[in-house]
A.B. asks: 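Please find one structure pasted underneath; my questions will follow.
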Protein chains: 2
Amino acid sequence: MTDTRSKILSVAERMARSGGYNGFSFREIATSVGIKSASVHHHFPTKENLTLEVARLYEESFFAALGEFAPPGGTPESQLRHYCDVFKNAFESSGRACLCGVLSNEAEQLPQSVREVIAGFVSANISWLEQAIKQGSADSGYDNAREKAELVYCALEGAMGVAALKQDIGWITRVSKHARHAALMD
Amino acid sequence: MTDTRSKILSVAERMARSGGYNGFSFREIATSVGIKSASVHHHFPTKENLTLEVARLYEESFFAALGEFAPPGGTPESQLRHYCDVFKNAFESSGRACLCGVLSNEAEQLPQSVREVIAGFVSANISWLEQAIKQGSADSGYDNAREKAELVYCALEGAMGVAALKQDIGWITRVSKHARHAALMD
DNA sequence: GTCTATAATTTGATAGAC
DNA sequence: GTCTATCAAATTATAGAC
């Protein structure tokens, strides 16, 4: 990947997390990168194209940070803590909410291809969490694991939004703690 | 309030919940109402002005549905169930996420006045929930009530986003159930 | 209160020179 | 790969007639 191309993707991610799909433009990106908007179109012909690539890379780096598979022997406690830390770091390093959380809230006006990537991100998160919660559990048929996973994911996405609104990471810290506790109780 | 004015507000709320602040325009609203964009400007001089009124009315009707004060004698269980039902109804009647959840995710690019209304909505929700959780509790100094309130609110906002993305109310039902349970346990 | 007309700006996108 | 130049459409907003 060329330097310019990766700069465009980086700036686009930042702007999309600030204002969503309708919150960034080719000209703004170009200015921030130090080129002209026609040059951005050279790398990404359409906005749908660019957003798709931004969303895919976001998911890729999210799961790279997470570790695609639950490390063998990891306890549910340690894995859930690790999961929440990935969200926390995503906010801490940017002061912004989760890209997929932001785009979810614009779903109706998103190109279908982008909507599908976002839906895939949600599903992948739920699967990862479900596995982590079941990990090492004697009761492998624990029926509530998937629903607990949904609680943790939704709570964190909501907390990312409020943290971004109030510029206060405390929301992520506190909500993470209670969501983790809820997922492991009963 | 004139008929046209309330129609504008209704259409604007619907569109803002679909695509956020940058996801609706004066012309789109005008077309949907059956007038011209200049007539929309007659009722609401600026977009900030219009969005502010939409957000205020949304909060007002949200708390009207909720009941501003916890009814005396209501158990925490019944009150939390009622709270979750307000969110569920908000999705059920529109297929869309919470206005304040959507706008939270655009906070950085929002006019400051709108951001303040959204922040007020969050604070009011946390206060209501904190009171509901403490209600009738022998331990009136229950320290975790506020943090449990934050968990419930964030979980519901997150669930509204996913429900809107997947067009599946099940996310709200399931997340509500586990968030309520978590808030009342320990 | 609604309209026509219009201004000034921004948008996503393309053609073609270098 | 980047640029200049340009396009058609959409944006928020205003002036003034009816």
Side-chain angles (χ1 to χ4, degrees), chain A residues 1-57 99 102-103 106-115 117, chain B residues 1-56 102-103 106-115 117:
Chain A
M1 177 143 48
T2 72
D3 197 42
T4 299
R5 186 183 164 89
S6 68
K7 274 182 195 163
I8 291 169
L9 287 165
S10 168
V11 168
E13 187 208 288
R14 171 163 54 79
M15 289 179 173
R17 285 171 70 182
S18 295
Y21 187 78
N22 293 312
F24 68 95
S25 70
F26 279 77
R27 272 188 174 67
E28 277 181 302
I29 291 169
T31 301
S32 180
V33 171
I35 54 179
K36 296 294 175 181
S37 74
S39 301
V40 180
H41 277 283
H42 169 77
H43 294 279
F44 303 95
T46 68
K47 192 173 185 179
E48 175 176 353
N49 204 293
L50 168 57
T51 310
L52 214 41
E53 192 65 14
V54 169
R56 281 178 184 144
L57 283 178
L99 176 71
V102 172
L103 294 183
E106 289 182 298
E108 209 172 331
Q109 295 191 9
L110 243 38
Q112 202 195 354
S113 61
V114 178
R115 218 181 305 140
V117 173
Chain B
M1 177 142 49
T2 72
D3 197 42
T4 299
R5 186 183 164 90
S6 68
K7 274 182 194 164
I8 291 169
L9 287 164
S10 168
V11 169
E13 187 208 288
R14 170 163 55 81
M15 289 179 173
R17 286 171 70 183
S18 295
Y21 187 78
N22 293 311
F24 69 94
S25 70
F26 279 79
R27 270 188 174 68
E28 277 181 301
I29 291 169
T31 300
S32 180
V33 171
I35 55 178
K36 297 294 176 182
S37 73
S39 301
V40 180
H41 278 283
H42 169 77
H43 294 279
F44 303 95
T46 68
K47 192 174 184 178
E48 176 175 352
N49 203 292
L50 169 57
T51 310
L52 215 42
E53 191 67 13
V54 169
R56 281 177 184 143
V102 172
L103 294 183
E106 288 182 297
E108 209 173 331
Q109 295 190 10
L110 243 37
Q112 202 195 354
S113 61
V114 178
R115 218 182 305 141
V117 173

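Lettering of chains follows the sequences in order, A, B, ..., and the numbering in each one begins at 1. As the structure is a computational prediction, the values presented were derived from the model and not from experiment.
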A.B. asks: Using side-chain heavy atoms (C-beta onward) and a distance below 4.5 Å, is A:Thr51 in contact with A:Phe24?
C.D. replies: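 Yes, side chains in contact.
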
A.B. asks: With the sugar-phosphate defined as primed atoms, P, OP1 and OP2, and the base as all remaining atoms, what B/S/- string results for nucleotides 11-18 of chain C, 5' to 3', for protein heavy atoms under 4.0 Å?
C.D. replies: BBBB----

A.B. asks: Using whole Å, what does the distance between atom C1' of nucleotide D:dT4 and atom CD1 of A:Ile35 come to?
C.D. replies: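 Going from A:Ile35 (CD1) to D:dT4 (C1'), I get 15 Å.
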
A.B. asks: Mind listing the closest non-hydrogen atom pair of A:Gly19 and B:Glu106 along with its distance?
C.D. replies: O-OE2, 3.7 Å

A.B. asks: With side chains defined as the heavy atoms from C-beta onward, is the minimum distance between A:Leu103 and A:Val114 less than 4.5 Å?
C.D. replies: yes

A.B. asks: Only pairs at least two apart or in different chains count here, so list each side chain to side chain donor-acceptor pair (under 3.5 Å) that has a residue in residues 37-48 of chain B.
C.D. replies: B:Glu48-B:Ser113

A.B. asks: Does B:Ser39 put a side-chain nitrogen or oxygen below 4.0 Å from OP1 or OP2 of C:dC3?
C.D. replies: yes

A.B. asks: Does A:His42 have a side-chain nitrogen or oxygen under 4.0 Å from the phosphate oxygens OP1 or OP2 of D:dG1?
C.D. replies: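 Yes, within the criterion.
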
A.B. asks: Which pairs with one or both residues in residues 9-24 of chain A pass salt bridge (Lys or Arg N to Asp or Glu O under 4.0 Å), sequence neighbours excluded?
C.D. replies: A:Glu13-A:Arg17

A.B. asks: Find the distance B:Gln109:CD to C:dT10:P and express it as a whole number of Å.
C.D. replies: 14 Å

A.B. asks: Is any side-chain nitrogen or oxygen of B:Thr4 closer than 4.0 Å to OP1 or OP2 of C:dT2?
C.D. replies: yes

A.B. asks: Can you measure from CG (B:Leu110) to CG (B:Leu52) and round to the nearest 0.5 angstrom?
C.D. replies: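 Reported value, rounded in 0.5 Å steps: 10.0 Å.
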
